[in-house]
Each structure stands twice: as C-alpha cells, then as structure tokens.
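Working notes, structure below.
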Amino acid sequence: MKTISIIDAKNHVDEEVKIGVWLTNKRSSGKIAFLQLRDGSAFFQGVVVKSNVSEETFEMAKELHQESSLYVVGEIHEDKRSPFGYEIEVKSLELVGESQDYPITPKEHGTEFLMDHRHLWLRSTKPYAVMQIRNEIIRATYEFFNKEGFIKIDAPILTGSAPEGTTELFHTKYFDKDAYLSQSGQLYEEAGAMAFGKVFSFGPTFRAEKSKTRRHLIEFWMIEPEMAFMHQEQSLEVQEQYIAFLVQSVLDNCDYALDILERDKEVLKSYTKTPFPKISYDEAVELLQNSGEFPDTKWGDDFGSPEETYLAEHFSMPVFVLNYPKAIKPFYMKPHPTREDVVICADLLAPEGYGEIIGGSERETDLDNLTAQIKKAGLNEKDYEWYLDLRRYGSVPHSGFGLGLERATTWITGEEHIREAIPFPRLLNRIYP
RNA sequence: UGCUCAGUAGUUCAGCGGUAGAACGCUUGACUGUUAAUCAAGAUGUCGUAGGUUCGAUCCCUACCUGAGCAGCCA
C-alpha cells in the first residue's frame, strides 16, 4: 500500500492508499461521517461508512476534533459531489496527535484574531492558496532570470550607511559600530553588474517607515535585477517580459489555488500580453488633470495611490510611467539627455488598484555628476567611495529595477491586503507571531 | 504621524442609565451523501484600562491602551 499526497489522488483511483492528514472539519450522522481533510498539498474529504468499518474506527471518526492529525487508510474514488473531484472511502484511522479547542473555527473571524493566530491560520484554505502562488512567483523568478543569463548576487543585509539616505532605516549595532538593516540591495547590485553583467538579488528588505496601508510591510522581499551595457528601453522590455512570465507561470501551475481564491483567470491572462502601455510623467499629469477627478494635480507632484489607481485603471493593464521629476527621485538616477528637470526612470503601476509594483531607472554613469548628486542629497561622500569606484573603473550604461514580491503576490492573487501575501507579516504594530 | 471608526462569551456581533443577549464553536443525544450539514438539550462573561458625573455606569464624560480603514513615505 502506497503513502500518497492528496494532490496525487487522481493518479490512484480505486487503489487503497495511506495519507497523513489533519482534520479541518467534520460532519457525522448515525451511520456515516464526513471528514474534511488536508495534508498541505490539497484539501479533500474522507467518507466513513459505519457498515464498512470496525466499530472502533467509526467511533474514532465521530470523536475526532478539529486539527487532530491522523493517518487514514482507504480507497480513492472519483466523485462529482466533491469540489476537489476525488475523495477517500476510509477503511481505518490511526490517531497521531490529538487537538483540543482549536481556536480558528469554520466561522468568520476578525483580522486581529487571525493575525494573532497566523501560525495556525496558515493551515486554512485561503492562506494555503496565496502561499502556493507566492511560491510559484518565487520559482518563476529564478527560472526567468536564470534563462535570461542573470546570476544571483546577494546584497548584504547589514550595512554601514543609508543606501538612499531618505527612508527610515532600522538601526542596530555591528559590534561597537552603528549598522542598519538593508532597505535596498541596489547599489551592491550595480557592483555585481560591473562584475557579472546581468545580476539579480532576492532578499529581505526593511523599512522603518510608520506606514499603515494595505500596500506596505515593514519587512518584505524584493527582487532587484541590474544589467550592464543596458539602457532604460531594454530594461523596460525585460521588466514587461518578466511580469508576463510570472503571471503566465501562475496560470500554468496554480489552477487549484486560483480556483480557491476565485481569481478571474481571463483577467490574469490579459496581463500576459506585451508590450505594456507606456506614458510619460508629463502625459500622466495631463491625463489626471483632464480626468476631472484630480484637478489639483500639478507638474512636480508625486502621485498618491488614488492617482496610481486611476492611471492603471485607465489602461486596464500594468502601465509604465516614464521619467519623473528629478526632485522627487533618488540621487543615482540618470538625468534625461535633453531635459534638465526629469530623470530616466519608470514605475510600473499594476491595475485593479494595486499600485506601484516595480520602480526602476537607468543609473548615473558620470563620476562628477554622481558625486555632485550625493553631496546635494546631503549624504556623506566617504560612505559612497566604493560606489563611486564603479564610475572610476570602466563605467558603462546600466539599468535596473526592483520588484516587491508581496506587492506582486497581492496583485496576482487578488487579495485585499499585502499582509496576506507573506507567511508572517511584520506590520507597524505587529511582530508576533 | 494625521483623520475616521471600533473594543461586550472562545469567535462574530446585538444591546441598554437599574447589573448580560443571539449565532457559531464546545459538551450530550438523534440522523446513511454532508458541503460554514440539520434537529433537541446544556455549560460559558473583570462588558479594553483608569478616573469622573450619578442614588446607581457595560451604557454618559475625560484620558490612556489596543485594533481597523484611509492618507503620507515607498516595493
């Protein structure tokens, strides 16, 4: 007799198998019991018919509590009445671990309660589906960048100075020196690109901002590709191909999870068509002014989330907004060749109100300009000597971008809030569990 | 950090100036195809914390704590 996973049940129809499972719910009548089972691979039902099993087995089935762990032995049957398509007709049960008073009942719960029990909530169907899709995005990310000739160069998490100097950093000690948790690996990826051509990092990022929105986490995961000998136009092509690849991979490999979440697959499919629409910042401002909804928009403003939502909804597609004002962007971005007031950059705004999922730019290559920008930003030039070396020794045009894993996951899964898109979210007031 | 809203049973909520309610969950029983099963019976409370008003406060007032939504910052 084989031990299998629920997800493989379809390959064992009418066979007797053994499965290690947890009980999610139970319904029983006098002579039949329905056990709702999960094993991490999927969810399905075990049917215990009194006349087919020993008295002890039927009694045990009736006494099981929610989230008890057990081995079930039985025969797999195809059954149209099961939402999963298959179920197991139980022959015998073996209790592994008892469970008493499981807090998450099959009824409604509030956000705070569920988040306090996140370690248990992960067992429920929705977190299961979201984490499957998150995993597929991670897997597809490695596949995409490896097939495109990138290598993964890890940026340090502990840094000695503020990479951008703007956002709030988590302070810690590095023996007797001050240190900060990384809020971007980008500058290190630029060093990587000068050594290996095409590189990417994929690691945790920390922002000590007092952000409290559905789009922000204190700790999140970021994918930061950086490419040498590459101008912004080519970088945008990489970005749209990457996003389309992610969405297609989820469509190809996460059908079951998408069904659980009731995500519209036709809508997702539309996001795999490249190229994505592109508008300049100037055009975006005009569009907002003429929309009637944002009459106060002025050139030079950064867009808030209502503005981002409007822009992406206008195209019903992920849309690139190009070349923002220099004043609202970081020091390392390359100035526009014919315009003083904008830099060569692009944000990718996701549709359906999910906002910015990618921020990217072509980087300043000129040593003198970059030095001047660092000073102007009020940063300590000494901290950036290594970064300036990249311009001293064979500086080349290069571009890169950063994608927020959880923002992308929230968008692709269609979840309301980014906290659902990471196993243990770190939020403004939450560091437990 | 600002604005808005909310804290009552394990959970989700209702309630009222006179000392506590429902549903689900839990316990016991019935039921051979249930899908958040159904039916019957039973147990369950520092009404967020501290002051104040009042004969009396879970209810009104003040402060604080906690959480949620929205905004800013950004991925």
Side-chain angles (χ1 to χ4, degrees), chain A residues 24-36 43-53 58 62-63 65-66 77 79-84 87 89 99-117 124-125 164 166-169 182-186 201-224 239 301-309 324 328-330 347-350 353-360 401-411 416-419 421-422 427-430:
Chain A
T24 62
N25 198 7
K26 175 188 70 177
R27 295 173 206 96
S28 67
S29 44
K31 290 168 185 166
I32 188 165
F34 301 96
L35 307 178
Q36 307 306 317
F43 301 79
F44 84 154
Q45 173 168 273
V47 184
V48 189
V49 179
K50 190 174 184 182
S51 56
N52 294 352
V53 298
F58 194 73
K62 288 185 73 173
E63 281 166 23
H65 294 106
Q66 194 186 355
H77 293 307
D79 197 311
K80 286 194 203 102
R81 288 170 296 194
S82 158
F84 182 66
E87 53 186 35
E89 192 189 325
S99 165
Q100 294 281 354
D101 299 321
Y102 186 69
I104 303 175
T105 61
K107 276 279 178 178
E108 284 172 33
H109 298 283
T111 303
E112 186 184 9
F113 179 82
L114 288 171
M115 277 300 169
D116 281 342
H117 296 85
S124 303
T125 49
E164 292 179 31
T166 50
T167 49
E168 297 270 341
L169 299 170
S182 168
Q183 51 117 318
S184 167
Q186 184 207 305
S201 70
F202 191 166
T205 302
F206 307 88
R207 303 264 166 101
E209 297 282 348
K210 305 239 184 224
S211 304
K212 194 172 176 288
T213 80
R214 69 175 72 174
R215 299 187 170 94
H216 289 86
L217 290 166
I218 304 300
E219 177 184 306
F220 64 98
W221 289 70
M222 191 152 64
I223 295 134
E224 292 179 285
Q239 292 173 43
D301 292 346
D302 206 354
F303 301 138
S305 30
E307 287 85 352
E308 289 182 353
T309 300
Y324 282 71
I328 57 172
K329 288 292 176 183
D347 286 353
L348 181 66
L349 309 181
Y354 289 94
E356 181 185 349
I357 55 170
I358 285 181
F401 61 96
L403 171 104
L405 172 64
E406 289 79 14
R407 287 232 178 131
T409 303
T410 310
W411 167 52
E416 281 286 303
H417 200 294
I418 197 166
R419 64 184 167 224
I422 187 165
L427 301 164
L428 189 52
N429 295 311
R430 178 169 294 282

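Just so we're on the same page: letters track the sequence lines, and every chain starts at 1.
Between atom CD of residue A:E63 and atom OG of residue A:S28 there is a gap of 10.5 Å, rounded to the nearest 0.5 Å. One finds the CD atom of A:E112 at 6.5 Å from the CZ atom of A:R430 (value rounded to the nearest 0.5 Å). Here the CD-CG distance, from A:E307 to A:D301, works out to 8.0 Å after rounding to the nearest 0.5 Å.
If you take CG of A:L217 and P of B:C74, they are 17 Å apart, rounded to a whole angstrom. Summarising the geometry, the separation between CG on A:D116 and C1' on B:G67 is reported as 10 Å, rounded to the nearest angstrom. Distance, A:H216 NE2 to B:G69 C1': 15 Å, rounded to whole Å. Across the protein-nucleic acid pair, A:I218 atom CD1 and B:U1 atom P stand 12 Å apart, rounded to whole Å. Between A:D302 atom CG and B:G72 atom P there is a gap of 9 Å when expressed in whole angstrom units. Between A:E219 atom CD and B:C74 atom C1' the separation is 16 Å, expressed in whole Å. With rounding to whole Å, A:H417 atom NE2 is found 18 Å from B:A75 atom P. What separates CD of A:E356 from C1' of B:G72 is a distance of 14 Å, to the nearest Å.
In summary, A:D302 and A:K329 do not engage in a salt bridge, as defined by a charged side-chain N under 4.0 Å from a carboxylate O.
Within the 4.0 Å cut-off from OP1 or OP2 of B:G67, at least one side-chain nitrogen or oxygen of A:N429 is found.
For the C1' atom pair drawn from B:U62 and B:C73, the interatomic distance equals 34 Å after rounding to whole Å.
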Pairs: protein N or O with nucleotides 27-29 of chain B N or O, under 3.5 Å:
| unit_1 | atom_1 | unit_2 | atom_2 | d |
| --- | --- | --- | --- | --- |
| B:U27 | OP1 | A:H65 | NE2 | 2.8 |

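Distances from the side chain of A:E112 to the nucleotides B:A71, B:G67, B:C26 place B:G67 closest. For A:E209, the side-chain atoms get nearest to B:C73 when compared with the rest of B:C73, B:A71, B:G33.
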| note | Given protein heavy atoms under 4.0 Å, the one-letter contact record of nucleotides 34-41 of chain B, with B base, S sugar-phosphate only and - none, is simply BBBB----
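Checked by atom type and distance alone, the side chain of A:K26 never pairs as donor or acceptor with a backbone atom of A:Q36 at under 3.5 Å. Judged by distance alone, with hydrogens and angles left aside, the side-chain atoms of A:T410 form no donor-acceptor pair with the main-chain N or O of A:A421 at under 3.5 Å. Listed for the A:R207 side chain is a donor-acceptor partner under 3.5 Å among the backbone atoms of A:Q183.
With hydrogens and angles ignored, a donor-acceptor pair closer than 3.5 Å exists between the side chain of A:S211 and the base of B:C73. Residue A:R207 places a side-chain atom within donor-acceptor reach of the base of B:A75, judged by atom type and a 3.5 Å distance cut-off alone.
With hydrogens and angles left out, the side-chain atoms of A:N52 and A:E89 include a donor and acceptor closer than 3.5 Å.
Nearer to the 5' terminus of RNA chain B, by closest-nucleotide assignment, is the contact made by A:T111 (compared with the other of A:I358 and A:T111).
A:L114 pairs by the side chain to side chain contact (heavy atoms under 4.5 Å, CB included) definition with A:I104, A:H109, A:W121, not counting sequence neighbours.
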